[in-house]
Amino acid sequence: MNQGKLLSLVTLWYLAFAAAISLVVPIIFIEMDASDVQKVGLILFGIDVLYSLIVGVLIGLTKQPLVYLFFFPIIYLLGVHLFFDNYAYYFGAAYTIFTFLACGAARK
């Protein structure tokens, strides 16, 4: 993969959406004074899983570089450090697996 393709507008969009899901969504839930159960249930098991699957399918269908699959889990780990307890680090590996499985299922 050439460096020009990696430093493109598409890359910035993937980074922006990953940052929004990983950092902005937890801030919104904290400001809404959501309980820990609501945060874990809705963010970790709902929004993040859905986003991982959508990104995997999108990258698989458009045959974009696989490095984009790592953007969300890496930024997610930063968000976990800021907003969640230590158990949530394990979800980063699960989201990486979900994105790769969705990407593999979408590629032909």
Side-chain angles (χ1 to χ4, degrees):
M1 170 175 51
N2 62 18
Q3 193 174 12
K5 190 171 183 178
L6 186 60
L7 299 174
S8 67
L9 188 59
V10 174
T11 304
L12 292 176
W13 277 110
Y14 278 112
L15 285 171
F17 277 106
I21 297 295
S22 300
L23 302 172
V24 176
V25 169
I27 291 172
I28 291 171
F29 274 78
I30 288 171
E31 289 300 317
M32 290 178 14
D33 200 29
S35 68
D36 287 341
V37 174
Q38 291 172 332
K39 286 191 279 190
V40 169
L42 292 175
I43 296 174
L44 298 181
F45 287 115
I47 296 170
D48 289 350
V49 170
L50 186 63
Y51 179 74
S52 296
L53 294 174
I54 289 171
V55 166
V57 169
L58 183 64
I59 290 172
L61 289 176
T62 58
K63 300 202 184 332
Q64 294 175 345
L66 294 179
V67 72
Y68 293 160
L69 297 175
F70 290 108
F71 288 172
F72 174 65
I74 290 171
I75 297 174
Y76 166 79
L77 291 176
L78 175 66
V80 166
H81 181 70
L82 297 173
F83 303 112
F84 292 102
D85 293 328
N86 289 337
Y87 63 85
Y89 283 108
Y90 299 110
F91 284 97
Y95 299 148
T96 305
I97 292 169
F98 292 158
T99 55
F100 272 96
L101 287 174
C103 180
R107 286 192 181 213
K108 291 184 181 183

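Given the structure is predicted, the values throughout are model-derived calculations rather than measurements. Only heavy atoms go into these numbers, but all of them, side chains included; no hydrogens, no water, no symmetry mates.
Panel note: side chain Glu31, backbone Ile28; no donor-acceptor pair is recorded below 3.5 Å. Under a 3.5 Å cut-off, the side chain of Ser22 and the backbone N or O of Ala19 do not form any donor-acceptor pair.
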Side chain to side chain contact (heavy atoms under 4.5 Å, CB included) between Tyr89 and Asn86, worked out: CA-CA 6 Å; Tyr89 283 108; Asn86 289 337; 3.6 Å; yes

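Using cut-offs of 30° and 60° on the angle between ring planes, the pair Tyr51 and Phe72 is perpendicular.
Cluster annotation: Ile97 is not connected to Val67 through the hydrophobic network of ILVMFWY side chains, with a link wherever side-chain heavy atoms come within less than 4.5 Å. Both Ile30 and Tyr76 are assigned to one and the same hydrophobic cluster, defined by single-linkage of ILVMFWY side chains at heavy-atom distances under 4.5 Å. Cluster membership check: Ile27 shares its hydrophobic cluster with Ile75, using side-chain heavy-atom separations under 4.5 Å among Ile, Leu, Val, Met, Phe, Trp and Tyr. A continuous path of ILVMFWY side-chain contacts below 4.5 Å connects Trp13 to Val10, so both sit in one hydrophobic cluster. At a threshold of 4.5 Å between side-chain heavy atoms, the hydrophobic network of Ile, Leu, Val, Met, Phe, Trp and Tyr places Val57 and Tyr95 in two separate groups.
Heavy-atom contacts from other residues, nucleotides or ligands closer than 6.0 Å to CZ of Phe84 number more than 12.
The closest side-chain heavy-atom distance from Ile47 to Ile21 is below 4.5 Å. Val80 has its side chain out of reach of Phe83: every pair of non-hydrogen atoms, C-beta onward, lies at least 4.5 Å apart. The closest side-chain heavy-atom distance from Leu58 to Tyr68 is not below 4.5 Å. Annotation: side chain of Leu61 is not in contact with side chain of Arg107 (no heavy-atom distance under 4.5 Å).
A pairwise comparison of heavy atoms in Ile43 and Pro26 identifies CD1-CA, 3.9 Å as the closest pair. For the residue pair Gly56 and Leu69, the shortest heavy atom distance occurs at CA-CD2, 4.0 Å. Across Lys39 and Phe29, no two heavy atoms sit closer than the pair CG-CB, 4.0 Å. Of all the heavy atoms in Tyr87 and Leu44, the pair that sits closest is CE1-CD1, 4.3 Å. When all heavy atoms of Leu53 and Ala102 are compared, the pair lying nearest together is O-CB, 3.6 Å.
Here the options are Cys103, Ser52, Pro73, the test is side-chain contact (heavy atoms from CB on, under 4.5 Å), and the partner is Phe98; only Ser52 passes.
With rounding to the nearest 0.5 angstrom, the CD1 atom of Ile54 is 12.0 Å from the CD1 atom of Ile59.
Taking the six-membered ring wherever Trp is involved, the centroid distance between the rings of Phe45 and Phe91 falls below 6.0 Å. The aromatic ring centroids of Phe100 and Phe70 lie less than 6.0 Å from each other.
A search for side chain to side chain donor-acceptor pair (under 3.5 Å) contacts involving Tyr14 returns Gln64, not counting sequence neighbours.
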